[in-house]
2 protein chains.
Amino acid sequence: MRFNTTTIKDIAERANVSKSTVSRVINDKAIVNSRTRLAVLDAMKSLGYEPNFFARSLASGLSMTVGVVTQKLGSPFYDMISQGVIQGFAGTGYSPLFVDGQWEESTELEVIRTVLGRKVDGLLLLGGDISEQDLSDLKDRLPTIVVGKEVPGWQDQCVFVDNVGAARNAVKHLLEFGHRNIAMVCGISCHQDAIRRYEGYRLALSEAGIEVDPGLVLEGDFSAQSGIMAVNTLLMRGKPFSAVFCANDMVAYGVRLALQRKGIRVPEDVSIVGFDDQGESAYMCPPLTTVRQPGNEMGEAAAAGLVKLMQGETCRLPVMQGELKYRESVARLI
Amino acid sequence: MRFNTTTIKDIAERANVSKSTVSRVINDKAIVNSRTRLAVLDAMKSLGYEPNFFARSLASGLSMTVGVVTQKLGSPFYDMISQGVIQGFAGTGYSPLFVDGQWEESTELEVIRTVLGRKVDGLLLLGGDISEQDLSDLKDRLPTIVVGKEVPGWQDQCVFVDNVGAARNAVKHLLEFGHRNIAMVCGISCHQDAIRRYEGYRLALSEAGIEVDPGLVLEGDFSAQSGIMAVNTLLMRGKPFSAVFCANDMVAYGVRLALQRKGIRVPEDVSIVGFDDQGESAYMCPPLTTVRQPGNEMGEAAAAGLVKLMQGETCRLPVMQGELKYRESVARLI
DNA sequence: TTGTACGCGTTATCAC
DNA sequence: GTGATAACGCGTACAA
């Protein structure tokens with residue numbers, strides 16, 4: 001096994017043909033005599049040829065590369081999407097080029113310019129905060145798909161789940177189990193998903209004829225630590241509650257731990273519902289009832305869709321559904 | 001904000017200079033008249049110039065891209081490393097190109113050839129199974145660093161923690177707390193880390209004059225599910241045990257849940273120690289005592305080291321230490 | 001200090 | 001079917 005660096009010129013000489021012919025058999029897009037083709041193939045093999053993407057891209061205008069703009073790696077949900085994206089591109093010939101926008105518009109625009117400079121053939125935006133105007137400019141320039149975020153008027157190029165509806169279902173589940181005093185620990189207040197999940201909470205309560213009690217709504221930032229702090233605040237306020245709806249699973253972990261520390265049992269005394277269904281949640285004590293966001297599938301679907309777009313075809317992005325996973329962190333109130 | 005596609009030729013015309021001069025001010029490596037420089041800078045700005053990496057790479061032979069070979073995304077530890085890698089390259093001008101080897105030698109070689117075809121300036125191997133011969137070939141060809149795996153004779157180009165020592169410390173901690181019947185749930189048996197962690201377990205016991213009881217050693221595969229199955233097997237065997245050392249945290253989660261289901265308390269009845277310290281472990285119930293592997297730092301250090309290598313400097317990779325995080329899943333045996 | 005001309009490896013457009 | 005030859009956008013000797 002060696003890692004050579006030969007060019008089509010070497011192959012051409014070895015096979016006694018011209019560079020053009022070599023190029024033809026490589027790209028398989030023109031008719032070549034089967035004998036010469038074999039000779040070329042043979043030369044390629046024995047010389048261990050590997051095409052140079054830069055030359056190829058410069059000449060063809062295609063990079064076979066996709067810019068993937070993430071927002072702060074380490075967030076469980078977006079990590080799931082990233083993994084799906086990688087899987088989705090595997091074997092397609094396209095490679096994902098990851099850059100990180102850090103949930104900051106200026107950074108995001110900067111990294112987008114970077115990948116544009118690298119002449120990516122398409123763009124995958126995982127979340128993000130850029131304006132609709134910039135988004136529109138991007139879309140005019142190259143195939144672009146947004147994942148994990150709903151952009152108004154852009155449904156065709158978005159892969160997302162209906163956060164409002166999913167949150168509403170989760171809270172409805174608590175209501176159906178007899179809970180009335182349902183607290184919510186929110187996510188980062190300026191974050192679209194956080195806002196939508198709160199809206200779902202509000203909606204479900206409202207439909208049950210319950211008004212939101214501000215005393216039961218806690219700030220948070222999607223971290224376990226914020227879940228712990230929220231519980232402490234909640235207990236200090238002294239308002240009774242029998243269930244907590246958490247903006248995501250990490251928050252739920254913190255909530256569960258804080259309750260345990262106060263001697264409050266889950267789910268016997270207080271029920272918990274999370275959001276995301278990250279891998280660990282099924283193995284919590286007790287296993288966490290949570291809204292499953294199919295991050296992997298979303299990433300894969302987005303990648304597959306983008307490949308179609310880049311090949312000039314149209315693509316129909318699947319509608320993703322948040323699914324409530326019933327596990328053991330919710331008790332029926334007698 | 002627009003995403004233009006102008007070339008140095010456009011700038012040259014706009015600024016009334018030659019392309020070479022434009023190139024000079026861009027690369028900042030030759031003396032140019034400050035007035036012409038300003039004119040060029042101005043033209044660049046107003047035209048929204050962004051260099052074309054392909055042309056640049058083709059001409060210079062540098063891609064400013066690093067191939068990062070992962071092995072199956074979604075594994076908590078390697079994900080931490082990946083995140084560190086991204087952070088480590090941020091702002092250096094280098095972009096990481098992720099490909100996935102899926103813990104399979106043939107796949108790994110294939111994706112390596114892919115990134116080599118893309119003329120990456122360096123290579124970061126996250127784990128992996130390729131032969132030392134291939135590794136050596138790679139090293140001769142371009143700057144290469146291995147992360148998360150110890151390669152004999154390659155210490156200078158590796159960022160890893162001493163798994164044997166760390167596991168040994170973890171088990172010693174259990175011994176010091178009075179535990180004698182310590183079970184271990186292993187990782188994938190052909191996996192180097194799994195082997196080393198078992199070796200550490202064996203060593204610690206042996207040093208305490210205890211022989212490994214095969215009945216207390218369980219197979220596993222680094223998954224929570226395998227932790228559950230291991231506990232069930234263990235209980236069926238009927239051998240007494242007061243502690244379980246787990247090959248990683250996911251296994252520990254499964255073990256903890258399975259014990260809970262059998263009415264066995266943690267840590268009162270059985271203590272647990274994990275390995276990895278993934279983000280969720282600090283918020284388990286109870287918070288998990290585990291060996292912290294500084295995945296993020298490892299990724300960052302590897303990236304920083306590789307940048308140095310690529311710039312022709314030497315690099316000294318830090319020695320990473322596994323650190324036992326004392327939390328609440330281990331009880332002192334009275 | 002600046003401009004000219006060539007090369008990087010490939011694809012694309014012509015002829016043959 | 002096949003082979004010259006011109007792009008592709010940029011870096012860089014070399015000359016001016």
Side-chain angles (χ1 to χ4, degrees), chain A residues 3-41 43-44 47-65 93 113-121, chain B residues 3-41 43-44 47-65 93 113-121:
Chain A
F3 302 94
N4 273 319
T5 170
T6 44
T7 76
I8 52 171
K9 192 184 160 202
D10 303 322
I11 300 175
E13 286 169 2
R14 180 75 120 81
N16 277 319
V17 293
S18 73
K19 294 192 301 177
S20 335
T21 302
V22 176
S23 179
R24 285 189 187 100
V25 355
I26 289 175
N27 295 303
D28 208 32
K29 275 300 166 198
I31 302 157
V32 287
N33 182 303
S34 56
R35 273 183 57 192
T36 48
R37 138 173 269 109
L38 280 177
V40 171
L41 252 27
M44 279 174 46
L47 268 57
Y49 171 75
E50 192 73 22
N52 180 322
F53 263 81
F54 297 134
R56 187 192 285 238
S57 303
L58 188 58
S60 70
L62 261 45
S63 66
M64 299 306 284
T65 306
R113 306 195 118 231
T114 303
V115 296
L116 288 183
R118 287 177 178 253
K119 300 283 174 265
V120 293
D121 295 335
Chain B
F3 302 95
N4 275 318
T5 168
T6 44
T7 76
I8 52 170
K9 193 184 159 202
D10 302 321
I11 300 174
E13 287 170 1
R14 180 73 120 84
N16 277 320
V17 294
S18 74
K19 295 190 301 177
S20 358
T21 303
V22 177
S23 177
R24 285 189 188 101
V25 354
I26 289 175
N27 294 304
D28 208 32
K29 275 301 168 198
I31 303 157
V32 285
N33 182 303
S34 55
R35 273 184 56 192
T36 48
R37 137 174 268 108
L38 280 177
V40 170
L41 252 28
M44 279 174 46
L47 268 59
Y49 172 74
E50 193 71 23
N52 180 321
F53 262 80
F54 296 134
R56 185 192 286 239
S57 302
L58 188 57
S60 71
L62 260 45
S63 66
M64 300 305 284
T65 307
R113 306 196 118 231
T114 303
V115 296
L116 288 182
R118 288 181 177 250
K119 301 285 177 258
V120 292
D121 296 334

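Letters A, B, ... mirror the listed sequences (proteins, then strands); counts begin at 1.
Side-chain contact between B/Arg56 and B/Asn27 is present, with at least one heavy-atom pair separated by less than 4.5 Å.
At D/dT2, none of the side-chain N or O atoms of A/Ser18 fall inside 4.0 Å of OP1 or OP2 (strictly under the cut-off).
When DNA chain C is scanned 5' to 3' for any atom under 4.0 Å from a heavy atom of chain A, the first and last hits are C/dG9 to C/dA12.
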Run the side-chain contact (heavy atoms from CB on, under 4.5 Å) check on A/Tyr49 and A/Ile26 step by step: do they pass? CA-CA 10 Å; A/Tyr49 171 75; A/Ile26 289 175; 3.6 Å; yes
List the steps, then state whether side-chain contact (heavy atoms from CB on, under 4.5 Å) holds for B/Asn52 with B/Thr7. CA-CA 8 Å; B/Asn52 180 321; B/Thr7 76; over 6 Å; no
Worked verdict on A/Leu47 versus A/Glu13 for side-chain contact (heavy atoms from CB on, under 4.5 Å): CA-CA 11 Å; A/Leu47 268 57; A/Glu13 286 169 2; over 6 Å; no
Could you please spell out the steps behind the side-chain contact (heavy atoms from CB on, under 4.5 Å) verdict for B/Val17 and B/Arg37? CA-CA 10 Å; B/Val17 294; B/Arg37 137 174 268 108; over 6 Å; no
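With sequence neighbours excluded, no residue forms a side-chain contact (heavy atoms from CB on, under 4.5 Å) with A/Ala59. For the side-chain contact (heavy atoms from CB on, under 4.5 Å) test, residues two or more places apart in sequence or in another chain that qualify with A/Ser20 are A/Ser18, A/Arg24. The side-chain contact (heavy atoms from CB on, under 4.5 Å) check on A/Phe53 picks up A/Ser57, A/Met64, B/Arg118, with sequence neighbours excluded.
Among all heavy-atom pairs drawn from A/Asp121 and A/Gly61, the shortest one is OD1-O, 4.1 Å.
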Protein within reach of the bases, or only the backbone? For nucleotides 7-16 of chain D, mark each nucleotide 5' to 3' as B, S or -, using heavy atoms under 4.0 Å. -BBBBBB---
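Between the A/Asn33 side chain and the A/Arg35 main chain, a donor and an acceptor come within less than 3.5 Å of each other.
Comparing the local axis fitted to the first five base pairs of the helix from C/dT1-D/dA16 to C/dC16-D/dG1 with the one fitted to its last five gives a bend of 40°, rounded to 10°.
If you check every strand for non-hydrogen atoms under 4.0 Å, B/Thr36 touches sugar and phosphate atoms only.
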